[in-house]
Amino acid sequence: MTATSAEQAPVTEDALRSVLLAGERPARPGPVRTSLTFGWRALLKIKHVPEQLVDVTMFPIMFTLMFTYLFGGALAGSTQEYLQFLLPGILVQANVMITMNTGITLNTDIQKGVFDRFRSLPVWRPSPLVGALLGDVMRYSIGSAIVIALGLVLGFRPEGGAVGVLLSVALLLVFSFCLSWLWTMLSLILRTPNSVAGVSMMVMFPLTFASNIFVDPKTMPGWMQAVVEVNPITHLATVVRGLMHGSVPAGEIGWVLVSSVLLVAVFGPITMVLYRNKK
């Protein structure tokens with residue numbers, strides 16, 4: 001090999017431009033496309049780490065069986081009668097509790113530095129957050145299907161039929177998606193996934209148990225009834241229970257939709273400000 005052949009030919013500016021401008025520059029992806037891409041990423045994470053579905057599968061099964069057969073006879077006199085009341089409530093509890101995983105997962109990505117890379121990409125700024133929330137909608141759907149299937153096996157018979165069940169699940173998915181913005185905000189404030197999980201549990205346990213998910217509020221003391229009546233989970237459970245059993249509480253449906261919009265309107269902008277200023 002000669003010295004001349006060993007030397008690399010200098011790269012001129014014109015040669016470099018000819019390579020970079022060889023084809024048309026692809027169009028910048030839009031918000032919908034980038035959000036769906038990040039949503040697909042969330043689904044791929046479930047594929048490669050199926051343990052993430054433990055809370056979606058085991059949690060609702062455990063609570064349904066435990067409350068039906070341990071407390072159903074004492075609370076309603078019959079496990080079958082209590083199941084008709086309980087199962088829509090368990091469906092609500094399972095989904096709203098699953099939403100906490102959104103904040104935990106996002107905080108884990110932040111701690112690993114993944115979101116720093118996302119923020120450097122030339123994409124719509126909220127798309128990583130929106131995509132993660134869209135991916136979690138699939139988790140909510142899986143949890144809902146498991147609860148309903150188990151209920152049907154145990155003897156749950158929705159008087160509203162398939163239409164009532166589908167409408168109740170659709171409304172529940174909307175509310176769960178909107179509620180997830182609260183945990184997304186917390187994931188940007190708190191420093192570790194464990195702290196996000198701890199704070200989320202402190203919020204969700206009082207909301208789910210101080211509601212009409214498990215018992216009729218009429219059996220509670222007056223001051224507790226007042227607390228339950230203003231609990232958004234109570235209104236959501238009332239709507240889901242009503243749709244499944246053939247009644248359409250229009251006022252309650254409107255209340256749930258309004259509360260869903262308020263959740264996004266309040267926590268969405270706060271989340272984006274925190275996300276933009278995150279260091």
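Using a 4.5 Å cut-off between side-chain heavy atoms of Ile, Leu, Val, Met, Phe, Trp and Tyr, with links allowed through other members, Val261 and Val137 fall into different hydrophobic clusters. Using a 4.5 Å cut-off between side-chain heavy atoms of Ile, Leu, Val, Met, Phe, Trp and Tyr, with links allowed through other members, Leu262 and Trp181 fall into different hydrophobic clusters. Hydrophobic clustering keeps Leu207 apart from Val258 (ILVMFWY residues linked when any side-chain heavy atoms are closer than 4.5 Å, directly or through intermediates). A single hydrophobic cluster is not seen to contain both Met58 and Val153; linkage of ILVMFWY side chains at heavy-atom distances under 4.5 Å, directly or through other members, places them apart. Cluster membership for Leu91 and Phe205, using ILVMFWY side-chain heavy atoms within less than 4.5 angstrom, is shared.
Rounding to the nearest 0.5 angstrom, the gap separating the CD1 atom in Ile104 from the OG atom in Ser200 is 6.0 Å. Here the CD1 atom belonging to Ile270 is positioned 12.0 Å from the OG1 atom belonging to Thr184, to the nearest 0.5 angstrom. Note that CH2 of Trp183 is 14.0 Å distant from CG of Asn107, once rounded to the nearest 0.5 Å. Between atom OG1 of residue Thr64 and atom CD1 of residue Ile146 there is a gap of 10.5 Å, rounded to the nearest 0.5 Å. Here the CG atom belonging to Leu65 is positioned 5.5 Å from the CG atom belonging to Leu150, to the nearest 0.5 angstrom. If you take CZ on Arg125 and CZ on Arg276, they are separated by 7.5 Å, rounding to the nearest 0.5 Å.
Formation of a donor-acceptor pair under 3.5 Å by the Gln80 side chain with backbone atoms of Leu154 is found in this model. A side-chain donor-acceptor contact under 3.5 Å links Thr219 to the backbone of Asp216. Panel note: side chain Thr234, backbone Val228; a donor-acceptor pair is recorded below 3.5 Å. The backbone N or O of Tyr69 lies less than 3.5 Å from no partner atom in the side chain of Tyr82, so there is not a single donor-acceptor pair. At least one donor-acceptor pair closer than 3.5 Å links the side chain of Arg119 to the backbone N or O of Tyr275.
Taking each heavy atom of Leu87 and Gly151 in turn, the nearest pair found is CD1-CA, 3.3 Å. The two residues Cys178 and Val264 make their nearest non-hydrogen contact at SG-CG2, 3.5 Å. Looking at every heavy atom in both residues, Thr99 comes nearest to Ser176 through CG2-O, 3.6 Å. Counting all heavy atoms, side chain and backbone alike, Ser127 lies closest to Val123 at OG-CG2, 3.6 Å. Residues Ile110 and Ser187 approach most closely at CD1-O, 3.8 Å, considering heavy atoms. Shortest non-hydrogen contact noted between Pro60 and Val147 is CB-CG2, 3.3 Å.
Within 6.0 Å of atom CE in Met138, 12 or fewer heavy atoms from other residues, nucleotides or ligands are found, so the atom counts as exposed in its surroundings. Within 6.0 Å of CE in Met202 there are 12 or fewer heavy atoms belonging to other residues, nucleotides or ligands.
Looking only at side-chain heavy atoms (C-beta outward), Arg41 and Val114 come within less than 4.5 Å of each other. Counting heavy atoms from C-beta outward, Ser144 and Asn95 have side chains that approach closer than 4.5 Å. Leu129 places a side-chain heavy atom less than 4.5 Å from the side chain of Leu106. Side chains of Val169 and Ile148 form a contact here, defined as non-hydrogen atoms less than 4.5 Å apart. Taking 4.5 Å as the limit, some side-chain heavy atom of Phe156 sits within range of a side-chain heavy atom of Pro88. Between Met224 and Pro217, the closest side-chain pair of non-hydrogen atoms is not below 4.5 Å. Taking 4.5 Å as the limit, every side-chain heavy atom of Val196 sits out of range of all side-chain heavy atoms of Arg191. Counting only heavy atoms from C-beta outward, the side chains of Phe177 and Val174 never approach each other to under 4.5 Å.
For the 3.5 Å distance criterion, the side chains of Ser211 and Asn231 fail to qualify, holding no donor opposite an acceptor. Checking Thr192 against Ser195 by side-chain atom types alone, a donor-acceptor pair falls below 3.5 Å. Side-chain atoms of Thr238 and Asn212 form a donor-acceptor pair, as typed in the model, at a separation below 3.5 Å.
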Next on the checklist: Working note: Gln93 + Ile233, criterion side-chain contact (heavy atoms from CB on, under 4.5 Å); need CA distance, chi angles, decisive distance, verdict.
Outcome noted: CA-CA 8 Å; Gln93 186 198 40; Ile233 303 301; over 6 Å; no

Next on the checklist: Working note: Leu173 + Ser141, criterion side-chain contact (heavy atoms from CB on, under 4.5 Å); need CA distance, chi angles, decisive distance, verdict.
Outcome noted: CA-CA 7 Å; Leu173 293 180; Ser141 301; 3.7 Å; yes

Item to check | side-chain contact (heavy atoms from CB on, under 4.5 Å) assessment of Phe175 paired with Leu263 | outcome: CA-CA 9 Å; Phe175 183 87; Leu263 285 170; 4.1 Å; yes

Checklist entry - side-chain contact (heavy atoms from CB on, under 4.5 Å) between Phe85 and Ile213: does it pass, once the steps are laid out? => result CA-CA 8 Å; Phe85 176 86; Ile213 287 179; over 6 Å; no

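Ser120 is linked by a side chain to side chain donor-acceptor pair (under 3.5 Å) to Arg117, counting only residues two or more places apart in sequence or in another chain. Evaluation of the ring pair (Phe, Tyr, Trp, His ring centres under 6.0 Å) rule for Phe118 yields Phe38, Phe115 as partners, not counting sequence neighbours. For Leu36, the side chain to side chain contact (heavy atoms under 4.5 Å, CB included) criterion is met by Val32, Leu134, not counting sequence neighbours. A search for salt bridge (Lys or Arg N to Asp or Glu O under 4.0 Å) contacts involving Arg33 returns nothing, not counting sequence neighbours. In this structure Tyr140 satisfies the ring pair (Phe, Tyr, Trp, His ring centres under 6.0 Å) test with no other residue, sequence neighbours excluded.
Between Asp109 and Lys112, none of the side-chain N atoms (NZ, or NE/NH1/NH2) sits under 4.0 Å from a carboxylate O, so this pair counts as no salt bridge.
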Less than 3.5 Å apart, which donor and acceptor atoms pair up between the side chains of residues 243-255 and the rest of the protein, not counting sequence neighbours?
residue, atom, partner, partner atom, Å
His245, NE2, Gln84, O, 2.7
Ser247, OG, Gly242, O, 3.2
Glu252, OE1, His235, ND1, 2.7

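Ring geometry for Phe63 versus Phe67: interplanar angle under 30°, hence parallel rather than tilted (30 to 60°).
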